[in-house]
Each structure stands twice: as structure tokens, then as C-alpha cells.
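Here is the naming used below: chain letters follow the sequence lines, and residue numbers restart at 1 for every chain. Treat the numbers as computed from the prediction; the structure is a model and nothing was measured.
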Amino acid sequence: KAGVTQTPRYLIKTRGQQVTLSCSPISGHRSVSWYQQTPGQGLQFLFEYFSETQRNKGNFPGRFSGRQFSNSRSEMNVSTLELGDSALYLCASSLSQHQETQYFGPGTRLLVL
Amino acid sequence: DAKTTQPPSMDCAEGRAANLPCNHSTISGNEYVYWYRQIHSQGPQYIIHGLKNNETNEMASLIITEDRKSSTLILPHATLRDTAVYYCIACTGTASKLTFGTGTRLQVTL
């Protein structure tokens with residue numbers, strides 16, 4: 001069974017631009033979570049989607065948003081990019097909203113110049 | 001989620017058992033102990049989890065103390081490829097987010 005895939009793997013943007021990252025969960029998994037990892041803050045939870053609904057949200061500004069499609073694929077968007085948004089963005093999928101075992105993708109490394 | 005405390009770093013010789021401790025003294029009765037690891041620049045990888053009983057799978061063993069206030073992850077025969085940051089997380093089975101701490105950086109050496 002294929003794992004979680006994320007595209008693109010690497011991205012360079014400039015301040016003020018916006019970016020959309022994509023995540024395809026493991027087949028059959030319906031819950032998708034997003035995390036941001038930076039050297040200073042570590043791994044931080046962004047949000048989680050289940051059945052196309054945002055179920056949980058971390059402490060991030062409104063510039064960070066996401067959505068989930070009917071096939072469970074998910075996208076996250078960051079608008080008005082700031083230098084501090086440079087990070088590894090990780091997507092994780094789990095079978096259901098009650099399954100705590102999350103399986104992570106390889107991440108998208110975003111560099112904001 | 002209960003707070004967990006782990007040593008920042010550990011060394012282990014290749015072929016020996018690596019024993020990674022985790023303290024979770026405020027864990028509640030419905031919280032599981034999960035272990036993930038992250039090899040440099042990759043996404044975290046699920047290792048094992050448990051509630052009360054000791055658990056074993058093809059990757060590792062998890063020993064949870066009877067009072068559930070601490071646990072130990074055991075990699076029975078560490079290899080160089082086990083060099084990674086290991087995260088211990090306490091969370092309920094219905095929560096949807098994982099709260100990662102700073103983890104333990106395990107360095108396996110020849």
C-alpha cells in the first residue's frame with residue numbers, strides 16, 4: 001500500500017506570495033493532519049480534517065488554511081508569506097477520527113526569501 | 001495531553017540494546033503512550049504504542065511501569081539506521097492531534 005505523498009517536496013517563494021501544498025493520504029484513510037516543523041519551535045500541529053471538515057486547529061494565524069476533498073486528499077494554503085513561514089510542512093493520515101496512529105509523509109520543505 | 005519528559009540525547013553502540021526512557025507522571029487513565037521517531041529531514045515514523053501492558057512489534061518493545069508514570073522504548077539491536085530523534089507522546093485515543101516535545105536524539109555508533 002502506498003504511503004502518504006506530499007507535493008511538491010521543495011518550494012522557494014518570496015515574502016508576500018501565497019503557497020498551496022498538497023497531501024494524498026494512505027488509501028482508505030479519512031483523517032489528514034498538518035504539522036509545521038521549524039528548528040526553533042519543533043513540530044507543531046496546524047489542523048486536522050476528517051470527512052471534508054476541519055475538526056481541530058492549532059494556534060496559527062488565519063493566513064494558514066486548509067481543506068479536504070471528498071477523496072480525502074488535502075491541501076493547505078499559506079497566504080502573505082513571511083520569512084518565519086520557512087519550515088518543513090508535514091502531512092499525516094490516519095484511518096479515522098478516532099485512530100491515533102498517524103502515518104506521516106516526507107514533507108514539503110518551504111523556503112521563503 | 002499529558003506532558004512527557006525525555007533526555008535530550010543518548011548514545012548507543014551498534015548491536016547493543018538502546019533503552020530510551022520517558023517520564024509521563026501526569027498521564028491520565030485513558031491516555032496511551034506513543035513513540036515516533038524522525039530520521040533526519042524525513043517525516044516522523046510510528047514505532048509502537050501502549051496503554052498499560054508491555055508491547056512488542058517488529059521494530060521495538062515498549063515497557064510501561066505499573067503506575068504508568070514512565071515508560072521505556074527498547075530497540076533490541078540498534079543499527080546505524082536507528083540514529084534519529086525519538087518522541088514519546090501521551091494522548092487519548094480520540095484526540096486528533098499529536099503534541100511533540102523535543103524528543104531524544106539517539107546516536108548509534110560503530
How long is the gap from [atom1] on [X] to [atom2] on [Y], to the nearest 0.5 Å?
{"X": "A/T101", "Y": "B/I48", "atom1": "OG1", "atom2": "CD1", "value": "10.5 Å"}
{"X": "B/Y46", "Y": "A/F104", "atom1": "OH", "atom2": "CZ", "value": "13.0 Å"}
{"X": "B/L98", "Y": "A/Q44", "atom1": "CG", "atom2": "CD", "value": "13.5 Å"}

Connected via hydrophobic side-chain network under 4.5 Å: [X] and [Y]:
{"X": "A/F47", "Y": "A/V19", "result": "yes"}
{"X": "B/I74", "Y": "B/L62", "result": "no"}
{"X": "B/I89", "Y": "B/I64", "result": "no"}

* To do: With sequence neighbours excluded, give me every salt bridge (charged side-chain N to carboxylate O under 4.0 Å, His left out) pair touching residues 72-83 of chain A.
  =>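 Those involving residues 72-83 of chain A are A/R63-A/E82, A/R67-A/E75, A/R73-A/E75.
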
* Count the heavy atoms belonging to other residues, nucleotides or ligands that lie under 6.0 Å from CG of A/N71, then report whether that count exceeds 12. =>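 Atom CG in A/N71 is crowded, with more than 12 foreign heavy atoms closer than 6.0 Å.
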
* Asked: For atom NZ of B/K3, is the number of surrounding heavy atoms from other residues, nucleotides or ligands below 6.0 Å larger than 12?
  ->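 Incorrect, the count does not exceed 12.
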
* **Most contacts with chain A, counted as non-hydrogen pairs under 4.5 angstrom, among B/G43, B/S41, B/G103** =>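 Highest number of heavy-atom pairs under 4.5 Å: B/G43.
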
* Only pairs at least two apart or in different chains count here, so list each disulfide bond (SG atoms under 2.5 Å apart) that has a residue in residues 36-73 of chain A. =>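 Not a single pair qualifies under disulfide bond (SG atoms under 2.5 Å apart).
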
* To do: Check whether B/Q45 gets within reach of chain A through its side chain, its backbone, both or neither, counting any heavy atom under 4.5 Å.
  =>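 Looking at B/Q45, nothing touches chain A.
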
* Part of B/T99 lying under 4.5 Å from any heavy atom of chain A ->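 For B/T99, neither part sits under 4.5 Å from chain A.
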
Going by heavy atoms in the side chains, are [X] and [Y] under 4.5 Å from each other?
{"X": "B/Y36", "Y": "A/L43", "answer": "no"}
{"X": "A/F45", "Y": "B/F100", "answer": "no"}
{"X": "A/L90", "Y": "B/Q38", "answer": "yes"}

* **Region of A/Q6 in contact with chain B, defined by heavy-atom distances below 4.5 Å** =>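 For A/Q6, no heavy atom lies under 4.5 Å from chain B.
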
